[in-house]
Amino acid sequence: MNDPALVESPTVELDDASKWFGQKVAVSNVTCSFGPGVTGLLGPNGAGKTTMLRMLTGLIRPSQGSVRVLGVWPRTSPSVYADVGLVPEEAAVYPSLTAREFVRYAATLAGVTDVDEATARAIDTVALGEPADRKLSGYSKGMRQRAKVAAALVSDPQILLLDEPLNGTDPVQRLHLINLFQRLGTEGRTVIVSSHILDEVDRMSDRVIAIVDGRLAAAGDVAAIREAMTDIPYRVRIEADSERVLAARLLEEALVHGVSVDDGILHVETGDLAALGRRVPAVAREVDARVTSFQPEDASLESVFRYLVRR
Amino acid sequence: MSEAPILTARDLGLAYGSIVALHGVEFDLPPGRIGLVGANGAGKTTLIKILLGILKPTIGSATVLGFDATTDMLDVRSRIGYLPESDCLPLDITAANFVVYAAGLAGLPANAARQRASDVLTLVGLEEERFRPIEGFSTGMKQRTKLAQAIVHDPELVFLDEPTAGLDPEGREEMLELISRLGGFGINVLVSSHVLGDIERTCDWVLMLDGGRVLRSGPLSHLVDADVVAVEVIGDADRVAQHLIAAGAAVDATGPRLLVSTTTDDPFRLVRDALAETGAGMRSMGPKATTLEDVFLEGSES
Amino acid sequence: MTDKGVVYDLGYVPYEGERGARRGAIATTYRDGIYRVFGIRRRARKKVLPWSLVVLAILPATVFVGFAFLLSTFSPEADSPFGGHGEYFSITGGVVLLFVALAGPELLIPDRREGVLAIYSSRPLTPDDYIGTRAASLLTVVAGFMLIPQVLMYIGFAALSSDGFFSALVDNVDEIPKILATTAVYALATAPLALLISTIASRKAAATGIFLGVLFVGTGLAAALVEATSVPGSRYAALLSISDHPDYVRDWIFDLSVSSDRVMANAGFDPWVSLAVISVTAVASSIFVAWRYRRLM
Amino acid sequence: MRAAWAITTTTVKQLLGVRRMIVFGIAELAPAGVFLLMTQTLAEEAALDRLLGMVAALYFPLLVPIVTLIVAASALGDERRDGTLSFLVLRPIPRSVIALSKFGGAVIVAAGLNIFGAVALTVAYGIETGSWSLVVPLAVGGAFASIVYASLFVPLGFFTDRAVLIGLAFVFIFENAVVSALSGLSSLSPWRIGVSGFSGLAPNEVAVELADFGGTGLSSFGTALFRTVLIAAISIGATTMVLRRRDLT
């Protein structure tokens, strides 16, 4: 089974799942699965990403096909929710409770045995600190977000669904949470994170699922997805001295489709980024060109996403 | 556009009662695109409010485009635009009517206001939605309308507070591109954002605040450390590392990513030759760039 | 401009034209205030209430003048169903109360709730400019409400009077200062209070409700308390009859006979006391509103 | 179940903010207040008639439904509006337990407030007449009516933000016009169940007196109790089905 949309030991699976509201088809025939590690869920606004997340949690029922969380449809066997933590995008906090009370409430509902210990641990993990005993109504967006993450983590869930978890947080908090989610992924939990800030998703996740207009647009590791876009050659920016000699020599390579030369800067188009990465050092040594920079310009998740949406 | 600094501060301080929001702030910011970064509560919003003349500093002074922010508030305000982070759009009128109104608020006569509003709305990408009431707008369309009202009167300087908040990737891309083009329109920019990557992509100067103090105010360019090479290796990274060490380089490896530095030879040549000789490839290579994030964390930790 | 060559981005043309700065900003805010109050450039349902009140204020005068023209034997002074200029204020006075109850909140509350003040704070306007201009828009509309029917009647009477149009115009000129003074009194009695309540309340419906409540309950309460003579000093409750004061001053200006249910009269106060109460509340409201907006913007 | 108790207590805390407590507290004192006022002006009328007048005209038809409506409608309504429904539902707890705990929270607040109103009124009556026999009956009657109204308004609050409006329409139209017209429906009317609960426990001369205040066609205390429990069970069952099957956005 080498379909990148599926994983070996899936904990969350969608099988030909669709959802429509009246005439509007929000999600159509999506088959994919999520397993241990961090998976990025991407898609433009209105592409069905939020609907899919709601289906994964069992909040809404698929109009067709099936959704399995740890092998069951959660709504009819809610006991599986002991292992699911959700950080929803909308407000989703009780304004009249303090953060500590809110997290304690989550722990109690999730059936945690030692509520106090779990609450304290969760609040420490998100470094909420002193304001933990202030009412949530007075919280800034960033602090409310961390309270919601703490509430999702308190029951030590195996599956974590994060909808725009970094919304409103400042750079220090962002990095702290990114490292946290990465660590949870490496611990073998299934972390599904949906975010619009792609370089952060790229850093957090080891694979992505992209949804465009309700359909599965791409799945798997970013580099592999980019490679699969054989119709779009890679663009690489190279800085080197004696760049014209290097450019002429590179043109002789079969894998190079084209080179444009600027003073000291080459823009090379190639079908195979890895091969170019191997040839350039050798070729540069032959012509004794001093290469000071070799940067792919459209291999990042952002470029991949732009090509996907424009298809 | 002379080279005189567009924004200056001299021992600027402000305290709300016992809470000190800004303390001893000094800077001279050159024309161009300036990124304002800082943790929550570092004083970013307070600074913007002082520059807009909304708040009066308790000590010190600040100037905007040569005018004192407090005493010449009206002169400042007729030359700047402001994109607030919070919701600020009236919901019951169309975007077109609102942007014309915003132009009038900047003192433009009726015909000029109508003409410029139409140009600016096209520029920010609100072609046909502009004639619909703002009530039904998506976050993306609201952010574009906010930007339109900030530049409709062709200001010399525009303050942007979290301009990409709530946008999807395509919306973010277009907003960042618009911000980068503002320089070409002859408009200076002070953009405040929590996403450091956005600042790196659009700004050429960064003002970093922490706990109400200036942590750093300098150009973004020289954050690059020219004599250390960062290379991501394809293939056997260890062999390449060994080869480099044999050639007398110091190598700091984390997985496929190597940081190579030498005191004697030229590190770039060493890396090139090491890769060529071991037959390994590179995914990316270049001078070690300390990202804004590294500077930020190392600063705010200390 | 320096001699440096600058290539401007294709999609952008810098603005070299005239900039009115503060003056332009105030003019724009003033015009927007009047548009907003009449629902101009807004959805149809926002136009219904204000315009129906306009009709309510102007229709009686037009019908009366039109009617008199047709019958031409109709002697304006004696048989006018509404009496002369003074009495007509009873109609426009009531309509203005309703109008201000809607216009005041419409002028201030949306800008605060929707956060638009942040944009005003980035334009060449001081907080006093903003709130002063909003008040000016309101006062202009209120004055318009009252003066237009008066002018209509003034011309109507003149046209119908037996001793010729122009001589009538001259003879009645002593009415004009009275009309202007009464208009000012009604405006001062209603607009500042509406703006005060619109500064405190956070929803338009609540502000309208509170304004009308304060006016009518105040007057009703005052009337009742003034009756309860057993309670010492109950006559001072008359000062609460807010909607009554302008009518009482109007009676004094046009020296009309004071009607029996005039609370202030029953409490034995002179008209100038009502004028004082109106002025004090107007000044106090304005100070509070200005102070509040200086902190908001 | 610790989780059930946590939901109930949090619901009570949510529904009973300080401001609401004050407003409802004052409202609940209205019947007692009017009762005392009437002693000044209508001294000659017997205290019992004045009490029953309050019970039949103000307490059951107006005070209990309106207070219960506002409290019960926001039990689930607030969760939907604040987006905390997912927080509540994605839990390893049977849907029935969630429904029961939410309903319990709403009833504790609504019945609590209404019992406070009943006690205030009957204590005022007791002070004047020395007879304290009506305190418990009215409290129990008030509790019955609160439970039955809550059974209608808790699920209603989930479905629509305009639950309060619809509820008020129900109170005035169904209770006054429809029930008197179609006496068959009267067994379902929360008003009648409450009054039956009250008259069932009250001394019988009070029950007789109640007849000419419109207290006709009352059932026995047992029937009223049975109906209250039955209606509550149906309501909790309905909410459970909704939580299990419907899309929760």
Side-chain angles (χ1 to χ4, degrees), chain A residues 42-47 49 140-143 164 166-176 195-201 203 223 236-241 273-286 288-296 299 301-303 305-306 308-310, chain B residues 37-42 44 85 138-140 162 164-173 193-201 208 210 224 226 229 231-235 240 266-269 271-287 289 292-293 296-297 300-301:
Chain A
L42 315 174
N45 281 348
K49 188 161 54 76
S140 74
K141 218 167 155 214
M143 290 201 307
E164 301 286 348
L166 302 179
N167 242 348
T169 53
D170 73 30
V172 178
Q173 297 158 348
R174 298 181 95 81
L175 194 66
H176 181 79
S195 168
H196 286 316
I197 300 172
L198 299 184
D199 65 354
E200 283 171 353
V201 172
R203 277 165 50 184
V236 178
R237 182 178 178 285
I238 301 176
E239 279 178 38
D241 59 7
L273 182 61
L276 187 69
R278 263 190 203 82
R279 286 304 298 153
V280 163
V283 164
R285 202 155 71 95
E286 269 168 45
D288 190 31
R290 178 172 179 270
V291 175
T292 54
S293 170
F294 176 94
Q295 302 294 351
L301 180 57
E302 253 145 7
S303 323
F305 187 86
R306 197 167 28 266
L308 278 177
V309 171
R310 212 163 282 154
Chain B
V37 294
N40 281 350
K44 295 202 304 284
E85 181 201 4
S138 68
T139 316
E162 297 289 345
T164 58
L167 299 180
D168 72 4
E170 223 177 330
R172 280 170 46 75
E173 198 70 29
S193 173
H194 281 323
V195 185
L196 299 182
D198 290 357
I199 299 282
E200 273 167 344
R201 279 174 51 180
M208 207 178 278
D210 185 49
V224 173
V229 177
V231 55
E232 188 180 345
V233 175
I234 300 175
V240 174
D266 162 20
F268 289 99
R269 246 184 248 289
V271 166
R272 182 199 65 191
D273 297 347
L275 287 173
E277 279 143 29
T278 56
M282 58 183 171
R283 191 168 164 61
S284 67
M285 186 270 286
L292 192 53
E293 192 173 84
F296 188 86
L297 292 171
S300 61
E301 227 101 65

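Hydrogens, waters and symmetry mates are skipped; everything else that's a heavy atom, side chains included, is used. Values in this document were obtained by computation on a predicted structure and should not be read as measured data. Just so we're on the same page: letters track the sequence lines, and every chain starts at 1.
Proximity to chain A (any heavy atom under 4.5 Å) is shown, for A39(B), by both the backbone and the side chain. The contact between D266(B) and chain A is made entirely by side chain atoms (from C-beta outward), counting heavy-atom distances below 4.5 Å. Contacts of S140(A) with chain B are made by side-chain atoms alone, with heavy-atom separations under 4.5 Å and no backbone atom involved. Heavy-atom distances place the side chain of Q173(A), and not its backbone, under 4.5 Å from chain B. Contact of A275(A) with chain B is not made at all, since no heavy-atom distance falls under 4.5 Å. Proximity to chain B involves both the backbone and the side chain of R285(A), based on heavy atoms less than 4.5 angstrom apart. Contact annotation for E164(A): neither backbone nor side-chain heavy atoms come within less than 4.5 Å of a heavy atom of chain B. Looking at T169(A), the atoms closer than 4.5 Å to chain B (heavy atoms on both sides) all sit in the backbone: N, CA, C or O.
With a 4.5 Å cut-off on side-chain heavy atoms, H194(B) and N40(B) count as touching.
Summarising the geometry, atom CD1 belonging to I238(A) is positioned 10.5 Å from atom CD belonging to Q295(A); distances are rounded to the nearest 0.5 Å. Separation of atoms CG (D168(B)) and CD1 (I197(A)) is listed at 11.5 Å; rounding is to 0.5 Å.
Between chain A and the options G38(B), P169(B), S138(B), heavy-atom pairs under 4.5 Å are most frequent for P169(B). Chain B forms the most heavy-atom pairs under 4.5 Å with one residue out of E239(A), E286(A), R279(A), R174(A), and that residue is R174(A). For the set G43(A), S293(A), P171(A), A284(A), the count of heavy-atom pairs under 4.5 angstrom toward chain B peaks at P171(A). Of the listed residues E232(B), E162(B), E277(B), the one with more heavy-atom pairs under 4.5 angstrom with chain A than any other is E277(B). Of the residues considered (E173(B), R283(B), E85(B)), R283(B) shows the highest number of contacts with chain A, using heavy-atom pairs under 4.5 Å.
Heavy-atom minimum distance, A165(B) versus T139(B): O-CG2, 4.0 Å. Heavy atoms only, all atoms of each residue included: A274(A) and I234(B) are closest at CA-CD1, 3.9 Å. The minimum heavy-atom distance between E302(A) and D199(A), with the atom names listed, is OE2-N, 4.1 Å. Looking at every heavy atom in both residues, V37(B) comes nearest to K44(B) through C-CD, 3.7 Å.
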Next item on the list: Check the pair L42(A) / L301(A) against side chain to side chain contact (heavy atoms under 4.5 Å, CB included), numbers first and verdict last.
Entry: CA-CA 10 Å; L42(A) 315 174; L301(A) 180 57; 3.7 Å; yes
Check: Would D288(A) and R272(B) satisfy side chain to side chain contact (heavy atoms under 4.5 Å, CB included), going step by step from the backbone distance to the final call?
Finding: CA-CA 10 Å; D288(A) 190 31; R272(B) 182 199 65 191; 3.4 Å; yes
